Each structure stands twice: as structure tokens, then as C-alpha cells.
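Keep in mind that this is a model prediction, so the values were computed, not measured. Sequence lines set the chain letters: A, B, ... in the order given, protein chains first and strands last, and positions in each chain run from 1.
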Amino acid sequence: MDVQRYISSGIIESYVAGLVSEQEAKELQEAMLQYPGVKQAVDACQQDMERYVQMFSLQPPKVVKEKIFELINSDDLVGQVTAEDATEKSTSPAMKAYTVASEFPEEEHTDGARSWRWVAAAAIILLLISAGFNYKLYTDKSELDSKYQALQVEQSTLMAKNQVFQTKLSDMDNMMLWMKDPATKKVMLPGASKDHSDYLATVYWNPSDQNVYIAANNLPEPNADQQYQLWAIVKGQKEPMDAGVFNMKDLEHPMQKMKQFGDGVIAFAITLEKKGGSEKPTMPIIVAGKTS
Amino acid sequence: MGLKAKDQQVFGYLYDHYSPALYGVILKVINDETSASDILQEVFLKIWKSIDRYDTEKGRLFTWMLNIARNTAIDSLRSKAHKLDQKIQEISADVYTHTSQLTVQPSIDHLGLSKVLDKLNKEQRKIIDLAYYKGCTQDEIAKILDIPLGTVKTRMRNAIIQLRNLLKQS
């Protein structure tokens with residue numbers, strides 16, 4: 001660049017008087033950084049301008065100083081327009097140009113403050129978005145938590161049920177094994193009266209382990225104050241021996257365990273007794289069957 | 001630097017030293033003593049608030065302060081003009097007439113510079129004043145002074161060179 005020609009073009013004087021475009025101001029600022037001669041010329045021109053301006057100096061009213069110091073001491077500068085606000089308000093191209101053109105720190109900091117304002121605004125927006133997401137994630141999590149808890153309850157319920165089924169299954173397995181045992185005898189108890197020859201119950205009895213089970217194949221539901229009672233007619237005993245009462249509802253379990261009997265049972269019989277059973281049979285035999 | 005500590009004593013000195021010049025600038029822009037006092041107050045509050053940002057390396061303190069005063073005053077002038085719903089053309093016309101009629105005459109001669117003003121060509125003073133005090137654009141100046149747009153910058157340069165020479169002589 002021809003520095004001398006640039007200096008003598010009038011650009012510097014126009015710049016100092018606040019008359020250049022933004023583009024010209026930028027060029028001049030770059031030139032000032034690059035060429036000390038340009039910087040010197042600008043400084044000299046600014047001094048000229050300062051001296052020119054000083055010629056119009058006029059003592060301001062004393063009250064102004066008092067007011068300023070009062071405001072500064074009260075430190076109540078809120079609402080007062082700041083230097084950067086004034087810069088922003090400049091709307092004419094010339095003023096803008098001058099603002100951009102001047103390399104005074106005031107304007108530089110203004111740009112800094114402005115960009116920080118943008119950064120702050122962006123940060124706040126991001127914070128709000130993040131807060132929104134957090135809220136959504138939180139509610140989602142709460143929902144999932146309760147769902148998870150429900151699932152846990154359901155799972156433990158299923159586990160418990162499973163446990164029940166397992167137990168039942170193993171019971172039934174054991175029962176199957178027990179029934180397959182050659183020592184286990186199956187005693188059919190058909191209807192004792194001709195009127196009810198279709199009644200049927202089955203007793204499974206194993207003399208070696210003495211277990212007795214009963215299955216009601218076809219017995220009528222008793223009244224609420226009555227219960228079926230199983231009797232064992234045992235060799236050497238004058239009276240039938242109590243083998244326990246059973247409920248029809250319990251017979252929904254296929255088999256119900258009764259009192260134990262070892263060898264010597266000749267026959268089994270069932271009567272319908274009062275609830276809780278009797279010491280001796282008081283009612284007619286409904287079904288009965290011999291063990292051999 | 002004492003100013004950076006917002007030392008009130010230093011600020012007081014600053015006020016005493018520079019307020020007449022700043023007041024002069026504001027008065028030249030606004031031509032109204034009441035408004036000028038208010039603006040001067042605003043300007044010094046701005047200086048007080050932003051003095052921390054002033055960097056001695058980057059520019060002259062006086063120019064920095066003048067810049068604040070000039071911008072604040074011109075902004076005030078523009079907002080007032082806007083309130084009165086005046087057109088830019090009218091402002092420009094006002095500027096032209098008022099600069100000669102209402103310019104505050106230098107009341108102090110301590111720098112021995114009033115002679116300089118007398119010697120400065122009227123056209124040269126006008127171009128400096130229109131740009132500096134009224135914030136006119138090159139376009140507006142070209143219209144007001146009725147000169148080609150391309151010669152505004154050279155006219156400005158000549159005006160300030162003339163000013164410089166007169167300052168050297170004084």
C-alpha cells in the first residue's frame with residue numbers, strides 16, 4: 001500500500017470527524033495496525049480535533065457536578081443509560097461507521113458485552129431446553145419406576161404361584177409314585193343301598209407305610225351341618241374305627257389324606273355324620289368296600 | 001491507575017478538567033442549555049461506569065471522552081428530532097442554518113485559540129462542524145454544501161490541515 005497516498009487521501013480526517021463508512025473504517029483500522037505512519041497520522045489528527053473542540057469549551061452549571069456525584073455516591077445507576085447503549089442507538093450510517101471505525105476500547109468492549117449477551121441468551125435457552133428434557137426424563141423415569149415396581153410385584157406373585165404349583169406337582173408326583181407302589185391297595189367303595197348303587201368312593205391304603213387316602217368319585221354334596229366320615233373295620237376290633245372326616249370341597253384336590261392304618265383293615269366304609277364326626281358310626285353306611 | 005479504582009477524587013479532577021470541553025461539544029450539538037446539562041450528566045455517568053474499560057494503549061483519553069459526549073448528544077438530538085416527526089431533510093436544513101446562527105461562541109480565550117477560529121475559512125468550519133457536531137453523512141454534507149460527493153473527503157482533509165497550521169501559528 002502507498003502509505004503516503006493513503007494518508008493524503010483525506011480518509012484519516014474524515015474518520016476523525018466521524019464521516020467514513022463502515023468499510024472504510026475497517027480498512028483504516030487495519031492500516032493503523034500495519035503501518036505506524038498511519039497510526040501517527042490518526043493520532044495527530046485526533047489531537048487537532050481535540051484542540052479544535054476545546055476552543056468551544058464552556059463551564060457547565062455547578063449543579064451538574066453535584067448531581068453527578070450524588071448519583072455516583074448513591075450508586076443508584078440502575079436505569080441510567082450506559083455508554084454501549086448510546087453506541088447501539090446510533091442509527092445513521094455515519095454514526096455506525098464512526099462507532100465501528102473508532103478503535104477505542106469502549107466500542108470493543110461493547111462488542112464483547114454484546115457477544116456475551118448472546119452467549120448468555122444462548123446459555124439460558126439451552127438451560128431451559130435441558131430443564132425441559134430433565135423434566136420429561138424425570139417423569140418418564142417415575143413412570144418406568146412404578147411400572148418396574150408393578151412388574152416386580154407381579155413377578156413375585158408369579159414366583160409364589162409357581163412355588164405353589166411346584167409343590168402341588170411334586171406332591172402329585174409323590175402321590176403317583178405312592179400309588180404305583182405295589183404295596184398300595186386300591187379299595188373301591190360302591191354304594192351300599194340299592195337306591196344309590198351309583199355312589200362311589202375310592203380308598204388308597206398302603207399297609208406298610210400305613211397311609212390312607214380317599215377320593216370321592218361320586219358322592220352327593222352333604223348339608224352344611226354334615227360331614228362324611230371314613231371308618232376302618234379292623235380285624236379283632238368290635239367297632240369300626242374312626243379314619244377321619246373329609247370335605248367334598250377338599251376333594252377337589254383329587255386325594256385327601258386320612259388317618260393312618262397298618263395291617264388288619266378288612267374293609268372301609270363311609271357314613272354321613274354330623275359336622276366334626278362321631279366316635280362311633282350313628283348313620284347308615286353310604287358306601288363300603290372290602291380291602292381284599 | 002486511580003481511575004480504574006473508580007477513585008472519586010480522580011474522577012472529580014477529571015470532571016473539573018474536561019467537563020467544559022465536553023459541555024462545549026454537547027452544546028454545539030444540541031443548542032439547548034437545559035438539555036446540554038442533562039446530557040453532560042449522562043455522559044459523566046457513562047464515563048464513570050465504563051472508565052474501567054478505557055485502555056491507555058488503545059487511544060487518547062480525551063478523544064475517548066469526547067466520543068462518548070458526541071455520540072450521546074447526537075443520539076439525543078436524533079431522538080428529539082424523531083419525536084417531533086421531523087424529516088431528515090429538515091434536520092439537515094436546520095443544521096445548516098443553526099450552525100452559523102446558534103453556534104456557541106467561545107467564551108474563554110485561555111488557550112489563545114479564538115483567533116484561530118476567526119482565521120478558519122467559514123466553509124472549512126462548516127464541513128468540520130456538520131460532520132463532527134451534527135453527525136451528518138458524506139451524502140448530506142455534499143447536499144448541504146452543494147459540492148460533489150467525491151470531494152467531501154478532500155475538503156475535510158484541507159479543512160483540518162488548515163486548522164493544524166493555524167494551531168501551530170498560535
Side-chain angles (χ1 to χ4, degrees), chain A residues 8-14 16-21 43-61 63-65 67-69 71-73 77 80-87 89-95 97-99 102-110 112, chain B residues 8 11-12 15 19-21 23-25 27-28 36-37 40-42 44-50 53-55 58-60 62-64 66-68 70-72 74-75 78-79 104 106-108 111 113-114 116-117 128 131-132 135-138 141 152-154 156-157 159-160 163-164 167:
Chain A
S8 61
S9 70
I11 182 80
I12 289 167
E13 286 76 14
S14 294
V16 170
L19 206 60
V20 296
S21 69
D43 279 349
C45 191
Q46 279 178 343
Q47 280 188 55
D48 292 336
M49 206 63 198
E50 283 176 14
R51 292 183 70 186
Y52 177 69
V53 164
Q54 267 185 313
M55 288 189 275
F56 302 93
S57 290
L58 201 67
Q59 202 64 41
V63 68
V64 176
K65 186 182 180 181
K67 191 78 191 293
I68 289 166
F69 276 80
L71 283 166
I72 287 168
N73 283 322
L77 299 182
Q80 292 287 338
V81 195
T82 57
E84 54 266 38
D85 291 333
T87 311
K89 275 196 287 183
S90 307
T91 43
S92 90
M95 287 298 291
Y98 194 73
T99 300
S102 47
E103 52 123 38
F104 306 120
E106 180 199 356
E107 278 74 25
E108 286 195 356
H109 284 277
T110 299
Chain B
Q8 288 203 19
F11 189 68
Y15 181 88
S19 65
Y23 187 59
V25 169
L27 217 44
K28 283 271 280 179
S37 290
L40 182 67
Q41 180 183 308
E42 199 186 329
F44 268 95
L45 288 176
K46 283 177 185 175
I47 291 169
W48 170 255
K49 285 173 84 176
S50 43
R53 300 169 185 172
Y54 169 70
D55 184 356
K58 291 248 174 166
R60 303 171 55 79
F62 188 27
T63 296
W64 178 72
L66 284 175
N67 192 32
I68 293 174
R70 174 178 177 267
N71 286 352
T72 307
I74 290 174
D75 280 341
R78 281 171 203 277
S79 64
V104 176
S107 57
I108 41 173
L111 295 170
L113 292 172
S114 63
V116 174
L117 286 177
I128 295 171
Y132 193 79
C136 287
T137 62
Q138 290 186 46
I141 288 172
V152 173
K153 268 187 242 173
T154 38
M156 182 60 83
R157 175 167 165 77
I160 289 178
L163 174 67
R164 184 174 300 164
L167 287 169

Checklist entry - When rounded to the nearest 0.5 angstrom, what is the spacing between CE in A/Met55 and CG in B/Leu167? => result 5.5 Å
Item to check | Spatial distance of atom CD (A/Gln59) from atom OG (B/Ser19) [nearest 0.5 Å] | outcome: 5.5 Å
Checklist entry - Taking C-beta and beyond as the side chain, do B/Val152 and A/Ser14 meet within less than 4.5 Å on heavy atoms? => result no
Next on the checklist: Between A/Val53 and B/Tyr132, does the side chain to side chain contact (heavy atoms under 4.5 Å, CB included) criterion hold? Intermediate values first, please.
Outcome noted: CA-CA 9 Å; A/Val53 164; B/Tyr132 193 79; 3.6 Å; yes
Checklist entry - Do B/Gln41 and A/Leu71 have side chains that get closer than 4.5 Å, going by heavy atoms? => result yes
Item to check | Test item: B/Arg157 side-chain N/O and A/Ser8 main-chain N/O as donor-acceptor pair under 3.5 Å | outcome: yes
Next on the checklist: So B/Phe62 and A/Gln54, do their side chains get closer than 4.5 Å, heavy atoms only?
Outcome noted: yes
Checklist entry - Ion pair present between B/Arg60 and A/Glu50, side-chain N to carboxylate O less than 4.0 angstrom? => result yes
Checklist entry - Are the side chains of A/Leu19 and B/Thr137 in touch, meaning some heavy atoms are under 4.5 Å apart? => result no
Next on the checklist: Counting C-beta onward and ignoring hydrogens, is there a side-chain heavy-atom pair between A/Ile72 and B/Phe44 closer than 4.5 Å?
Outcome noted: no
Checklist entry - Which heavy atom of A/Leu58 sits nearest a heavy atom of B/Tyr23, and at what distance? => result O-CD2, 3.2 Å
Item to check | Residues in side-chain contact (heavy atoms from CB on, under 4.5 Å) contact with A/Lys65, at least two apart in sequence or another chain | outcome: A/Phe69, B/Tyr15, B/Asp16
Checklist entry - Heavy-atom distance under 4.5 Å between the side chains of A/Glu13 and B/Leu163, does that happen here? => result no
Checklist entry - Just how far is it from atom CE of A/Met49 to atom CG of B/Leu66, taken to the nearest 0.5 Å? => result 9.0 Å
Next on the checklist: Need one label for A/Ile11: side chain, backbone, both or neither, based on atoms under 4.5 Å from any heavy atom in chain B.
Outcome noted: both
Next on the checklist: Taking the side chain as everything from C-beta on, heavy atoms only, tell me whether A/Pro60 gets closer than 4.5 Å to B/Leu40.
Outcome noted: yes
Checklist entry - Taking C-beta and beyond as the side chain, do B/Ile128 and A/Tyr52 meet within less than 4.5 Å on heavy atoms? => result yes
